[in-house]
A.B. asks: 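Structure incoming, see below.
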Amino acid sequence: MDQKYMPEKIEPAWQKKWEDDTLFNVTEDSTKEKFYLLEMFPYPSGKIHMGHVRNYSIGDVVARFLRMRGLNVLHPMGWDAFGMPAENAAISRGVHPAKWTKENIDAMRAQLKRMGFSYDWNREVSTCEPEYYRWEQLVFLKMFEKGLAYKKTSSVNWCASCQTVLANEQVEAGKCWRCHQEVSSRELDQWFFRITAYAEELLDFCKKLPGWPERVLTMQKNWIGKSHGVEVDFPLKGRDDAIRVFTTRQDTLFGATFMSLAPEHPLALELAAGMPQEEAVRTFIEKTRKQDKIIRSSEDLEKEGVFTGAYCRNPLTGWDMPIYIANFVLMEYGTGAVMAVPTHDQRDFEFARKYDLPLVVVIQPEDTALDAETLEAAYTEDGVLVNSGSFNGLPNRQAMEKIADFLEEKKIGNRTVQYRLRDWGISRQRYWGAPIPIIYCEDCGPVPVPEADLPVTLPLDLQLGEGGQSPLPKSADFLNVSCPRCGKPAVRETDTMDTFVESSWYYMRYASARYEKGLFDPEAVAYWLPVDQYIGGIEHAILHLLYSRFYTKVLRDLGFIAFDEPFTNLLTQGMVIKDGAKMSKSKGNVVDPNYLIEKYGADTARLFSLFAAPPERDLDWNDQGVEGSFRFLNRIWRLVTENLEVLKNGPSPVNQDTPSQALHRKTHQTIQKVTEDIKRYHFNTAISMIMELANETYAILPLREETTGAFQEAVRAMLRLLSPFVPHITDELWYQMGGTTCLINESWPAFDSSATKVEEITLVIQVNGKLRDRLSLPVDVTEQAATEAAQASEKVKRYLEGKTVRKVIYVPGKLVNIVAG
RNA sequence: GCGAGGGUGGCGGAACUGGUAGACGCACUGGAUUUAGGAUCCAGCGGGAUGACCGUAGGGGUUCGAGUCCCCUCUCUCGCACCA
């Protein structure tokens with residue numbers, strides 16, 4: 001009696017066999033073409049979710065497919081194991097972060113294995129292990145040496161609920177990216193990575209990453225925010241020095257009527273000193289500095305300022321310009337000083353109206369004169385220069401160049417570029433992270449930990465504080481050391497590194513995960529890296545992907561590696577949606593992969609997540625759709641098990657009868673289509689083509705002597721084509737049919753182009769572009785014969801009645817269009 | 001506001017360089033089988049007054065022919081947003 005399809009029985013058995021046979025473990029092999037396929041590693045939260053199932057199913061199809069095509073495929077998995085949820089669990093449940101993390105990793109590893117993903121587990125990496133982060137500390141020291149890691153006091157983003165600092169990239173619309181609480185600002189002594197030193201290269205290589213989605217490159221480009229402009233000196237009245245401003249609108253220079261300084265500008269207080277305004281200026285500066293950073297940089301903040309009492313001179317007009325302190329001017333961008341052109345900048349306009357400052361129109365539309373008195377908003381469009389001395393009459397775009405030339409000639413200013421990108425703040429006032437390998441000595445200042453003393457191990461015997469504060473500053477054992485330079489008592493840095501540092505290089509570690517002599521074995525890295533295909537969520541478009549690109553360039557410049565970009569091709573998969581919303585606990589629309597595996601098996605979970613939508617789009621989860629995928633696998637199961645005797649024999653040659661030839665053709669068309677579709681990551685259409693093949697294979701039943709060969713061929717191809725998607729059921733059926741090798745070690749089926757050829761084609765006949773008939777004609781029909789056949793058609797004749805044929809369009813193999821009127 | 005990407009049956013989605021719109025699946029309808037339910041199998045399934053018509057957000061254009069190319073409008077999603 002045939003056995004029912006019971007995934008819960010066969011799947012674990014195959015997973016065990018794969019593991020026992022170390023089927024997925026790879027080594028460097030210079031005789032084979034390598035392919036490094038990587039999916040973003042997960043944070044070990046304890047359970048996989050549908051996003052993981054989808055991400056890793058996509059990756060596994062590609063990995064298994066390329067393996068079958070003969071490539072040496074590196075497909076590793078690991079854990080982004082540092083981070084706050086571990087600390088939160090420690091606080092709420094009293095478990096140590098290390099224990100919590102380890103248990104979660106064990107649970108998730110088991111789940112991933114239960115999904116049947118083809119990872120080389122020998123290369124598993126967990127970033128919270130000293131064997132991993134010690135190399136990150138080494139890189140930190142090298143960066144420190146080169147000035148790429150440095151410390152400065154600055155106003156930083158502070159998340160009160162997470163009790164730590166956030167990088168600019170980790171603040172989303174004023175809220176913490178992780179806990180979504182309001183972010184405020186604090187003055188803190190922080191470590192930074194000098195990512196701005198690579199701004200130009202990070203931007204430039206956007207053009208050199210053709211394998212990345214346009215969307216991601218655009219987001220990175222916007223984030224880096226390069227703008228071209230000029231720096232201009234405005235001489236201070238009564239002093240020898242000048243205020244330097246950055247502007248992208250040098251064409252409006254003649255309209256600059258006052259100056260705005262950031263409250264943090266070094267000259268702010270100095271200029272007001274001794275003036276009647278001094279007290280007002282001091283109060284204003286204090287007030288603004290106390291103000292929340294995010295509120296301060298939001299557009300709807302009322303523009304406010306205060307006059308310093310000082311003046312500078314417009315270098316082109318010679319006018320005296322009052323100098324104001326303005327709350328909307330940011331010290332971190334440009335020079336912290338802005339020349340104010342109220343007629344052509346909306347912010348300056350509002351400011352000028354409020355404080356009754358002069359307005360001068362210098363650009364206006366070609367045919368309309370603007371009146372500064374009655375202007376209701378700044379005119380920011382293009383136009384022609386007026387009130388601008390010798391530049392009058394020039395279109396402003398041209399004037400930009402001319403004025404820039406003029407400024408450079410007169411040595412008043414220089415063309416320059418500015419970036420929006422800021423340096424990456426990596427200090428975190430957290431416990432569960434990689435310690436920053438620095439020691440503070442009263443005499444020597446910050447001293448790097450000697451390389452020989454690495455790693456600086458995170459002590460595991462500490463208890464977390466009540467409010468989530470790091471226990472490191474209170475741990476005498478950790479804290480107290482002697483200065484490596486002078487030997488005097490000193491203390492360790494107690495901040496840990498942002499976890500994005502770990503994820504910036506884990507993909508290199510996989511190349512030689514157990515290597516003990518350095519970050520990685522240079523030969524292994526030279527063989528495997530860069531990653532050929534990276535797959536992950538779009539939410540990392542800026543954060544992780546920009547940091548990784550930066551870190552790669554740093555490692556290159558430190559001499560560790562020879563490539564420029566870490567990920568040659570990037571695929572960003574869409575979210576998993578249910579009932580119109582992203583799956584989330586708060587929405588209550590979460591589907592647990594465990595439940596799916598129990599009810600339908602891993603193969604169904606994989607199949608549905610690949611079939612329901614193309615990878616880049618959001619996937620709408622539908623329980624009935626899952627049933628459909630399960631049903632399909634049952635169909636495949638029965639197709640094989642009910643014809644096992646026939647399938648065990650053979651394969652015998654395909655007969656020449658019509659049904660056999662039709663199935664034979666469909667088999668080879670399917671091989672061709674599925675191969676092409678997997679190559680371009682159109683898994684949903686690949687699967688639907690296999691479904692069609694299954695339908696046609698069923699249609700040939702019941703088997704007769706002469707159709708056996710075609711049937712055997714179709715089934716054997718079908719199982720191999722399906723195996724990257726649903727590896728368990730296909731291996732099971734393959735072995736039942738007498739196979740002795742797992743399908744991942746079989747070769748991918750080749751298609752016979754002569755088999756896909758047809759003798760007859762359906763030619764579409766149109767009259768004036770409208771479909772009127774379909775004719776079955778030989779493939780090699782001549783244009784003349786096709787045209788004649790078309791005009792002979794009864795259906796077509798009716799439409800031609802009373803009309804003259806003016807033209808006939810013939811597209812070989814497709815259609816005949818008769819133009820008549 | 002700026003930038004990017006989308007709008008195709010009841011639903012998820014197909015359609016390579018312009019050439020049969022709606023593959024495949026879900027849901028639904030009818031039938032077979034069954035004591036019944038489920039499962040399975042067969043058939044149908046864009047709309048419509050069911051032979052000549054209309055249909056890919058709406059409007060215009062190019063073309064023998066447009067979901068696909070061009071222009072305008074609407075709409076949704078995402079990213080950035082006082083960056084001088």
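What you see is a predicted model, and the numbers here were worked out from it, not measured in a lab. Naming: A, B, ... by sequence-line order, numbering from 1 per chain.
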A.B. asks: Suppose we screen for side-chain contact (heavy atoms from CB on, under 4.5 Å). Which residues come up paired with A:R806, at least two apart in sequence or across chains?
C.D. replies: none
A.B. asks: Taking atom P in both B:A43 and B:G37, what distance in whole Å separates the two?
C.D. replies: 23 Å
A.B. asks: For A:Y5, give me all partners under ring-ring contact (aromatic ring centres under 6.0 Å, His included), at least two apart in sequence or on another chain.
C.D. replies: A:F630, A:W637
A.B. asks: Choosing from B:U40, B:A52, B:A84, which nucleotide comes nearest the side chain of A:T248?
C.D. replies: B:A84
A.B. asks: State whether the distance check finds a donor on one side and an acceptor on the other, under 3.5 Å, for side chain A:R772 versus base B:A52.
C.D. replies: no
A.B. asks: In terms of side-chain heavy atoms of A:R631, which of B:A84, B:C26, B:A23 is nearest?
C.D. replies: B:C26
A.B. asks: As a check on the pairing definition, encode RNA chain B in dot-bracket form, counting Watson-Crick and G-U wobble pairs whose two distances are under 3.5 Å, and using | for partners outside this strand.
C.D. replies: (((((((..(((......[....))).(((((.......))))).((.....))..(((((..]....))))))))))))....
A.B. asks: With a 6.0 Å cut-off (strictly less than), is the heavy-atom count around CZ of A:R420, excluding the residue itself, greater than 12?
C.D. replies: yes
A.B. asks: With the 90 degree cut-off around zero defining syn, does B:G61 come out syn or anti?
C.D. replies: anti
A.B. asks: I want to verify a distance call: between B:C53, B:C80, B:C83, whose nearest atom is closest to the A:W223 side chain?
C.D. replies: B:C80
A.B. asks: Would you give a per-nucleotide map of nucleotides 4-21 of chain B, 5' to 3', where B means the base has a protein non-hydrogen atom under 4.0 Å away, S means only the sugar-phosphate does, and - means neither?
C.D. replies: S-------BSSSB--BB-
A.B. asks: With sequence neighbours excluded, what pairs up with A:F711 under the ring-ring contact (aromatic ring centres under 6.0 Å, His included) test?
C.D. replies: none
A.B. asks: Write down the distance separating the P atoms in B:G38 and B:G31, rounded off to the nearest Å.
C.D. replies: 14 Å
A.B. asks: Ignoring the backbone of A:V819, work out which of B:C41, B:C24, B:C64 is nearest its side chain.
C.D. replies: B:C64
A.B. asks: Holding to ring-ring contact (aromatic ring centres under 6.0 Å, His included), I want the full list of residues that pass it with A:F246, two or more places apart in sequence or in another chain.
C.D. replies: none
